[in-house]
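Notes follow once the structure below has been shown.
Source: prediction; values computed, not measured.
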Amino acid sequence: MPKSRIRKKADYTPPPSKQATAIKLNSRAWVAPVMLAMFLIGLAWIVVFYVTDGSLPIDSLGNWNIVVGFGFIAAGFGVSTQWK
């Protein structure tokens, strides 16, 4: 029976090195001003409601004005999650 040929294995060649990719930094300069504006609008809404004894900012909402103020503040926290 003839002897099979021995295959010569190629020397180890490491995989090509990965080139460093540039990190894309998205401009999120709008986040901080919008976040602070939402906080301040919510705070001002609640303060105006208490100072005017419920007649402002929107009289027909009554005590729901407090919920609107806290809604602005919660929206500010929601926007803050976009900050990097």
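There is a path of hydrophobic side-chain contacts, each under 4.5 Å, that joins Ile46 to Val67. Tracing side-chain contacts under 4.5 Å through hydrophobic residues (I, L, V, M, F, W, Y), one never reaches Trp30 starting from Leu40; they form parts of separate clusters. Hydrophobic clustering of Ile, Leu, Val, Met, Phe, Trp and Tyr side chains at less than 4.5 Å, counting indirect connections, unites Phe77 with Val31. One hydrophobic cluster, built from ILVMFWY side chains closer than 4.5 Å, holds both Trp45 and Tyr50.
Atom-to-atom distance recorded for Ile66:CD1 and Leu61:CG is 11.0 Å, nearest 0.5 angstrom. Annotation: the span from Asn63 atom CG to Phe49 atom CZ amounts to 4.5 Å, rounded to 0.5 Å. In this structure, the separation between CZ on Phe70 and CH2 on Trp64 is 13.5 Å, given to the nearest 0.5 Å.
Checked against Ser55 for a side-chain contact (heavy atoms from CB on, under 4.5 Å), the options Val51, Thr52, Ile58 give a single hit: Thr52.
Between the Asp59 side chain and the Leu56 main chain, no donor and acceptor come within less than 3.5 Å of each other.
Met35 and Ser80 get closest at one heavy-atom pair: SD-CB, 3.2 Å. For the residue pair Val79 and Val34, the shortest heavy atom distance occurs at CG1-CG1, 4.0 Å. Among all heavy-atom pairs drawn from Ile73 and Gly42, the shortest one is CG1-CA, 4.0 Å. Nearest heavy-atom pair across Ala75 and Met38 is CB-CE, 3.5 Å.
Inter-residue side-chain proximity for Phe72 and Phe39 is flagged as unmet; no heavy-atom pair is nearer than 4.5 Å.
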